[in-house]
Amino acid sequence: MTTTAQTYAGAAPSARGGSITRNRRKVLILSYVFLVLFVIFFLTPPLYMFITSLKTSAEISAEVSPWWVFSPTLANYIQLLTSPVYLTFFRNSILVSTFVVAITMVVSILAAFSLARMKFWGSATLATGVFLTYLIPDTLLFIPMFKTFAFLHDLTGIEFINHWWVLVIIYPTLTIPFCTWIMIGYFSSIPKELDEAALIDGASYMQLLTKIFVPVALPGIIAAAIFAFTVSWAQFLYPLAFTTSTDQLVLPVGIVTTLIKGDVFNWGQIMTGALLGAAPPLILYAFLMDYYIAGLTAGATKG
Amino acid sequence: MAEVKLRQVVKMYDETPAVRGIDLDIADEEFVVLVGPSGCGKSTTLRMIAGLEDITGGEIMIGDDVINDVPPKDRNIAMVFQNYALYPHMSVFENMSFALRLKKAAKDEIRARVENAARILDITELLDRKPKQLSGGQRQRVAMGRAIVRDPMVFLFDEPLSNLDAKLRVQMRTEIKKVHQKVRTTTVYVTHDQIEAMTLADRVVVMNGGRIEQVGAPGDLYHAPATKFVAGFIGSPAMNFIPCSLEEAGQGLRIRLTDDIGFLVPEERAGRYRPHAGSGKLCLGIRPEHVLEQRSQLEPNQQVFEVGLDVTEPMGMDTLVYFRVNGSEVCGRVNPNAGARPGERMKLVADLNNMHLIDDATGKVL
């Protein structure tokens, strides 16, 4: 009797476990195949950039394998990092992105909080409207924006073209709608009872936002901030259209306009410039990635 | 400490009434439980007292002040929610002291009050933990602690034990009662669990369909329900309702259930019931604990009848027996040694000292 029981007890789970393991292995192999393809596809260009950045112009144009560095040099890095023009681009990019992230977060947190929680007439329609504005492609917007800036110039006398700070006004039109949308989702997932408890505890709506919502929704806020930073750091079309002087350019446009002289492409420096330009978002992602995953709301309510 | 008064309070959601004009006086230091099925308006009533729902009509007073338009933070109330609603990013200490910190109370006072509340609830060693490091019962204690720290005029509890498992619920129930005995703050407590209502309350308010069905001490509701709804809602297993007719039997009255089963009405009730003799739809209400096994010594107004048992459920202390009378399923509670077996006939005793006669048309207990 005991033996039978043991046999059944031992056999049943292993049979079930076996099929689960087989199934799991199949899915895993398939996942790895696609992941490897994905990684090769997306990491080849940066790798090529890195290899090229370590080459001299002579080696780049020589007929040797482009995938190997025969006489590595840091000359491209040294030249760029000591070039005042490149450092100006870098500074402009950092200034623009920092201001854009700050403005975006202030506006979208306030907007999302009021749209998600302070139910007022038309708030639902407005929330949808915010998202719809994000769907308008930026290529459609820069001509009306030119007109608007010309009008504002006539009205105020302030020159809105060819200043880096103009980008600080323009970029939020891209970042605020999406960030607001992300934040509405995050704020909506916070249990309603948390607001009610805080309101009974004596918090004002502003205190409710700063003392409860912002800390609880921090992962969402950081995700939105990273998005705003990436968009403003990598934006190409608007700076190309709105800024022209070398001292007002940001990195993406600066690299292309100053390192390509006529029909001479300084590939080593272009690749180095692009690689250095990609570093800040990468570093940001590396440090803040955990916040994407962290679930701070755990423990707020049952579960 | 304060009284809470509700005067003709109405709540409408668009055109749908949730609370239909209720009047209720809650005395200082009293523990009142609002109980009823889902959608009866009990939580809405509590939320109106808290200021979390607008009041469509009527008045709510705390102490002598009408608080209809006073924001929640100025009502001097504290509320414990079903899902605890602890601030997840704050430690237990910070959770409990949040209201005092907002009021900019002195640091020493905050510490003293939090520590005092923690002592009452036995959570002193949890003060540095975050909510996610606590069990359900501990979280509920912290939620109560957050309420106690504020020393409010009124405690409001919105189904605070519904998320706990059965064993913990019983434990916390006792805990809540102990806390009330210590702090003596006027308390309004909402639950759908009638046992919770009976065990905790000084007075129970039974609500149904946005109205108050009956207000009374737990014993009064149990022994003298005013309506069929209250009779059926309070008590577990629920009261049996058996369609019946009332007929003259010599000097007295007889309740006729079937051709074979009829009970003489206790003498002291005959006068009260007589006007209903021969009238329309009546219903006998009798609790399972008043349907017993046959005993050698019968007390006055205990009458024997015989039925075929359908199901028996041994509970340990006693056995529940189920049988059908006049189309209704009836439950009795007999001694486990009485030999109740499904499918067999059994002689049972109806204790008519505790019977209720209900007018089915009005739902009122006669």
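Because the structure is predicted, anything quoted here is derived from the model rather than measured.
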If you count heavy atoms of other groups shown closer than 6.0 angstrom to CZ of Phe120(A), is the number above 12?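 For Phe120(A), atom CZ is crowded (more than 12 foreign heavy atoms under 6.0 Å).
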Looking at Asp54(B), I'd like to know if its CG atom is crowded, meaning that more than 12 non-hydrogen atoms belonging to other residues, nucleotides or ligands lie closer than 6.0 Å.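 No, because the 6.0 Å sphere around CG of Asp54(B) holds 12 heavy atoms or fewer from other groups.
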Rounded at 0.5 Å granularity, tell me how far [atom1] in [X] sits from [atom2] in [Y].
X: Gln207(A); Y: Lys73(B); atom1: CD; atom2: NZ; result: 8.0 Å
X: Glu193(A); Y: Leu52(B); atom1: CD; atom2: CG; result: 9.5 Å
X: Met96(B); Y: Asp201(A); atom1: CE; atom2: CG; result: 11.5 Å
X: Phe81(B); Y: Leu194(A); atom1: CZ; atom2: CG; result: 9.0 Å
X: Ile200(A); Y: Arg150(B); atom1: CD1; atom2: CZ; result: 7.5 Å

With a 4.5 angstrom heavy-atom cut-off, is it the side chain or the backbone of [X] that approaches chain A, or both, or neither?
X: Ile77(B); answer: both
X: Arg47(B); answer: side chain
X: Ala143(B); answer: neither

Trace of the side-chain contact (heavy atoms from CB on, under 4.5 Å) decision for Lys211(A) with Leu102(B): CA-CA 10 Å; Lys211(A) 291 182 190 291; Leu102(B) 285 178; 3.9 Å; yes
Phe98(B) to Ala203(A) - nearest heavy-atom pair and separation: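 Where Phe98(B) meets Ala203(A) most closely, the heavy atoms are CE2-CB, 4.4 Å.
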Can you find a heavy atom in the side chain of His89(B) that is under 4.5 Å from one in the side chain of Leu218(A)?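 Side chain of His89(B) against side chain of Leu218(A), heavy atoms only: no contact under 4.5 Å found.
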